[in-house]
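Below is one structure, written out as structure tokens, with a few remarks after it.
Residue numbering restarts at 1 for every chain, and letters A, B, ... go by the order of the sequence lines. Both backbone and side-chain heavy atoms feed into the values below; hydrogens, waters and symmetry mates do not. Just so we're clear, the structure is a prediction, and the values are computed from it rather than from any experiment.
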There are 2 protein chains.
Amino acid sequence: MPYTVKQMAEMSGVSVRTLHHYDEIGLLSPAGRSAAGYRKYSEEDVEKLQQILFFKELGFELGEIAKITGSPDFDRRSALADHKMVLLKKMDRIKAIIKTIDKTMESLERGNKMNKKEMFGAFDEKTIEEYRKEARARYGEKAVECERRTAKYAKDDWRAIQDEYAVIYRAIGDMMLKGADPASAAVQEQIGRHYSIINEKFYSCTPEIFRGLGELYVSDARFTAFYENIEKGLAEYMRRAMAVYCDDIEKKKA
Amino acid sequence: MPYTVKQMAEMSGVSVRTLHHYDEIGLLSPAGRSAAGYRKYSEEDVEKLQQILFFKELGFELGEIAKITGSPDFDRRSALADHKMVLLKKMDRIKAIIKTIDKTMESLERGNKMNKKEMFGAFDEKTIEEYRKEARARYGEKAVECERRTAKYAKDDWRAIQDEYAVIYRAIGDMMLKGADPASAAVQEQIGRHYSIINEKFYSCTPEIFRGLGELYVSDARFTAFYENIEKGLAEYMRRAMAVYCDDIEKKKA
DNA sequence: CATTGACTATGACGTTACGTTATAGTTTAT
DNA sequence: ATAAACTATAACGTAACGTCATAGTCAATG
């Protein structure tokens with residue numbers, strides 16, 4: 001029994017338009033058509049679509065995906081390895097950009113304290129010039145690592161952790177705004193990351209302690225202020241989510 | 001002396017087309033035109049272009065850049081902070097994808113060794129299904145399948161470490177209650193274990209970093225909460241003990 | 001002075017992966 | 001029979017330009 005476009009779309013979570021598009025570009029043409037010209041997808045088509053979506057979520061372009069899914073003897077491992085390299089480079093670039101942003105923000109703050117006119121002139125050109133030079137020379141550059149590196153390491157390290165937290169809190173805040181249940185999988189996953197980071201980077205944290213931490217979020221003014229600043233209602237939201245998380249861990253143990 | 005398009009382009013390393021484009025969309029219109037309609041860029045235009053390119057390299061969209069560079073009292077810091085969040089999320093996503101790629105490649109290799117038919121069928125569907133489930137959960141679109149993957153992560157390894165830590169903290173807490181000096185040998189021994197575990201299990205930790213960690217115990221509310229929860233005053237007590245520990249290490253080196 | 005080469009201007013289509021109408025025919029339930 | 005729900009093709013819109021195509025302009029040369 002073949003599937004209609006809508007059935008396919010709902011099964012796989014894409015839009016009908018997407019299926020039309022894939023048909024248009026020849027990425028996934030339905031096995032057949034009805035008398036009236038309606039697309040009829042077979043089981044095989046379903047499987048192929050799964051693969052297509054899999055690669056798509058890995059960030060491959062449709063053209064690449066066509067090659068990959070088009071021939072069974074295509075070298076998938078190489079394709080994956082290559083793609084991984086691309087992603088690693090992207091990450092690298094993003095990291096570099098984040099550093100620049102950090103520097104720029106610091107310089108902005110200094111600028112504000114030192115001179116209000118600087119604000120008016122936007123950024124101080126040194127920062128910009130410096131950065132652009134760096135960017136141009138990035139590939140021929142050898143980093144000169146000095147002894148200060150260690151000291152910097154601590155700072156950067158700490159900032160990285162803060163960044164990780166920032167992402168998590170922002171994500172949870174967004175889900176809260178969307179009306180997601182604190183017990184929902186998506187929220188719980190983020191809470192899980194929170195929990196993991198504490199364990200990895202800071203201290204050994206038991207569910208009991210974690211739950212207590214959640215309570216503190218609403219009972220301790222400092223915590224509350226911090227979370228409410230991110231999003232109103234987030235403190236209580238996190239407390240609930242963390243409680244659920246701990247409940248689940250304890251259930252599993254039992 | 002005004003600049004022509006080509007001069008501008010060569011100076012800043014962009015194409016003439018780009019300058020045309022920026023003019024078209026009103027991002028950067030030249031200060032004037034010649035009688036024949038040739039664009040004439042001023043020094044100010046050059047500066048503005050530098051700023052534009054700076055933000056472009058940070059990954060901002062032209063629309064955003066227009067806002068940023070268009071008004072001097074635009075909140076650049078917020079813009080940078082927001083952008084940083086976006087980048088952090090991107091990094092997060094890339095990390096997740098890389099993990100999936102790693103898993104997939106592993107599974108491909110296993111599949112190949114174990115079963116040639118698998119090769120023909122490309123990927124084993126479990127991997128794909130698994131991933132897609134996760135992805136759906138992550139974005140909160142559908143499925144409320146609660147998988148505590150993160151929680152699973154810890155497992156036995158974590159438990160062992162957690163237990164070790166629990167013992168140490170408890171021991172230090174007890175000694176504190178007995179009125180022992182943070183510099184006493186008994187306390188320092190426990191601190192040493194703390195230090196060693198961090199180095200062995202987590203990351204390379206210098207005295208400098210370790211000292212900073214101690215500071216955090218009293219300065220960061222989240223840490224403080226944890227230690228205060230074990231025993232009142234433990235946060236500050238540990239900070240002092242850790243400082244002493246670091247002093248000693250540094251003395252020995254010298 | 002006309003020609004040539006270098007430069008410039010304004011369109012306008014192509015790119016990626018669809019979203020979004022718009023128009024029109026088909027199937028199904030009532 | 002008619003409405004509701006579904007399907008098809010067509011075509012424009014998106015971001016930030018690249019890439020022609022067509023045509024006018026400027027400086028130097030023969």
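For the atom pair CG (L80(A)) and CD1 (I68(A)), the distance works out to 6.5 Å, reported to the nearest 0.5 Å. One distance of note links OG1 of T69(B) with NZ of K48(B); it measures 4.5 Å at 0.5 Å rounding.
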Worked check of side-chain contact (heavy atoms from CB on, under 4.5 Å) between R193(A) and D92(B): CA-CA 12 Å; R193(A) 291 182 57 198; D92(B) 234 46; 2.8 Å; yes
I172(A) vs Y237(A), side-chain contact (heavy atoms from CB on, under 4.5 Å): CA-CA, chis, key distance, verdict: CA-CA 9 Å; I172(A) 294 176; Y237(A) 190 82; 3.7 Å; yes
side-chain contact (heavy atoms from CB on, under 4.5 Å) assessment of K90(B) paired with K90(A): CA-CA 10 Å; K90(B) 259 193 195 172; K90(A) 257 193 197 176; over 6 Å; no
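Residues from residues 24-37 of chain A that place a heavy atom under 4.0 Å from any atom of DNA chain C, listed by number: A36(A).
For H21(B) and dG18(D), the NE2 to C1' distance is 11 Å, given to the nearest whole Å. Atom-to-atom, CD of Q7(A) to C1' of dT7(D) comes out at 13 Å; the value is rounded to the nearest Å. For the pair L19(B) CG and dA16(D) C1', the computed distance is 13 Å after rounding to whole Å. Computed from coordinates, the E64(B) CD to dA16(D) C1' distance equals 15 Å when rounded to whole Å. Rounded to a whole Å, the CZ atom of F60(A) is 13 Å from the P atom of dA17(C). The nearest whole Å value for the distance from the NZ atom in K40(B) to the P atom in dT8(C) is 14 Å. Atom CG in D23(A) sits about 12 Å away from atom P in dA10(D), given to the nearest Å. K6(A) has its NZ atom 16 Å from the C1' atom of dA8(D), to the nearest Å.
Closest to the Y38(A) side chain, of the nucleotides dA9(C), dC17(D), dT26(C), is dT26(C). Here the nucleotide nearest the side chain of E61(B), chosen from dA17(C), dT20(C), dA16(D), is dA16(D).
Of all heavy-atom pairs spanning M85(B) and V167(A), the tightest one is CE-CA, 3.9 Å. Smallest separation of non-hydrogen atoms from Q7(A) and Y3(A): OE1-CA, 3.3 Å.
Distances shorter than 4.0 Å separate some side-chain N or O of R39(A) from OP1 or OP2 on dA8(D). For the pair S15(B) and dG18(D), the criterion of a side-chain N or O lying under 4.0 Å from OP1 or OP2 is met. Taking only side-chain nitrogens and oxygens, H20(A) never comes nearer than 4.0 Å to OP1 or OP2 of dC18(C). T4(B) has a side-chain polar atom (N or O) that falls below the 4.0 Å cut-off from OP1 or OP2 of dT8(C). Proximity of T18(B) to the phosphate of dA16(D): no side-chain N or O atom is located under 4.0 Å from OP1 or OP2.
In this structure, K56(B) reaches the sugar-phosphate backbone alone: every heavy-atom distance under 4.0 Å involves primed, P, OP1 or OP2 atoms, never a base.
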